[in-house]
Amino acid sequence: MLGRVLVYESAAGRIAGRVVEVEAYRGADDAASHAHRGRTARNAVMFGPPGHAYVYFTYGMHHCLNLVTEPRGSAAAVLVRALEPLDGLALMAKRRRGAERPRLARGPGNVARALGLTREHDGLDLTRGPLWISSRRPDRGGFRIARSPRIGIRRATDRTWRFYLAEHPCVSAPRRARRGRRRPRTGSSGGENFVDRRGPHP
DNA sequence: GTATCGATTAGC
DNA sequence: CTAATCGATACA
């Protein structure tokens, strides 16, 4: 996904952006996943065939876009956390109350907001439009791939399933850990950054 | 039935 | 740090 271009051809206009930050979520084995406790009306698309959009509503005000990645019956999806805006910047800015380019689609709620995605788009087939991933070769612009724990979750925080283009201006920087009582570190290496020298997680 | 929380964000 | 804001989830 990283470096690929997401395109949305809506009635309001065409929007395109390079994927620069994602997170992986799985099913029953992933306590942080919406699919952790099985299929519901909300997460049903995650259990459907791959290549579909799972759009959920959260915090009473935000939508987030996921791309379903595994075969029917096996729940898994990739959360799109940030895009580098490439096309339709004026339209995005309008929806994002005039944010500057690096912030137009930084953060999963802002991605959906900039594209105008809601629960109505839940289940869209990415192989049939109007929302799709360009088949163009991924272009990471020389930025290396880094990984970190997923953001904003409380369970399964030891899994480093957030992947992003390091130093890319459109990537949402993870909040620094709270000061005060330090949590015992579960991982191996001490954690300055999470650069992944082995490439993406399988 | 009621209480709590969340794959977030903007603002102070 | 917190309010915003409501669907999903937890629990009596």
J.: Write down the atom of A/R150, the atom of A/R162, and the distance for their closest heavy-atom approach.
T.: CG-N, 3.9 Å
J.: Reading DNA chain B 5' to 3', how would its secondary structure be written in dot-bracket notation, given Watson-Crick and G-U pairs with both distances under 3.5 Å, brackets [ ] for crossing pairs and | for partners on other strands?
T.: ||||||.||||.
J.: Looking across every strand, which nucleic acid part, if any, lies under 4.0 Å from A/R37 by heavy atom: base, sugar-phosphate, or nothing?
T.: sugar-phosphate
J.: Could you check A/R119 against A/H62 and say which one's nearest nucleotide on DNA chain C is further toward the 5' end?
T.: A/H62
J.: Quick one: ring-ring contact (aromatic ring centres under 6.0 Å, His included) partners of A/H52, sequence neighbours excluded?
T.: none
J.: Nearest whole Å is fine: how far is B/dT9 P from A/L104 CG?
T.: 14 Å
J.: By the 4.0 Å heavy-atom rule, please label A/R97 as base, sugar-phosphate, or nothing.
T.: nothing
J.: How long is the span from the CZ atom in A/R4 to the CZ atom in A/R137, to the nearest 0.5 Å?
T.: 10.0 Å
J.: Which heavy atom of A/C64 sits nearest to which heavy atom of A/L79, and what is that distance?
T.: CB-CD1, 3.8 Å
J.: Identify all side-chain donor-acceptor contacts of residues 105-112 of chain A below 3.5 Å with residues at least two apart in sequence or on another chain.
T.:
residue, atom, partner, partner atom, Å
A/R106, NE, A/P102, O, 3.4
A/R106, NH2, A/P169, O, 2.5
A/N110, OD1, A/R96, NH1, 3.2
A/N110, ND2, A/R106, O, 2.8

J.: Could you state the CZ-P distance from A/R106 to B/dT8, rounded to the nearest angstrom?
T.: 15 Å
J.: Quick check on C/dA8: is either OP1 or OP2 less than 4.0 Å from any side-chain nitrogen or oxygen of A/N43?
T.: no
J.: Specify whether A/H63 and A/F57 have parallel, tilted or perpendicular ring planes, treating 30° as the upper limit for parallel and 60° as the lower limit for perpendicular.
T.: tilted
J.: Restricting to salt bridge (Lys or Arg N to Asp or Glu O under 4.0 Å), what partner residues turn up for A/R155, sequence neighbours left out?
T.: none
J.: Report the residues that fulfil ring-ring contact (aromatic ring centres under 6.0 Å, His included) with A/H121, sequence neighbours left out, ordered by chain and then residue number.
T.: A/Y8
J.: Output one line per pair: protein atom, nucleotide atom from nucleotides 5-7 of chain B, and distance, for all N/O pairs under 3.5 Å.
T.:
residue, atom, partner, partner atom, Å
B/dG6, OP1, A/R154, NE, 3.0
B/dG6, OP2, A/R154, NH1, 3.4
B/dG6, N2, A/Y59, N, 3.2
B/dA7, OP1, A/H34, NE2, 2.9
B/dA7, O4', A/Y25, OH, 3.4
B/dA7, N7, A/A32, O, 3.3
B/dA7, N7, A/H34, NE2, 3.1
B/dA7, N6, A/H34, N, 3.4
B/dA7, N1, A/N66, OD1, 2.5
B/dA7, N3, A/Y56, OH, 3.3

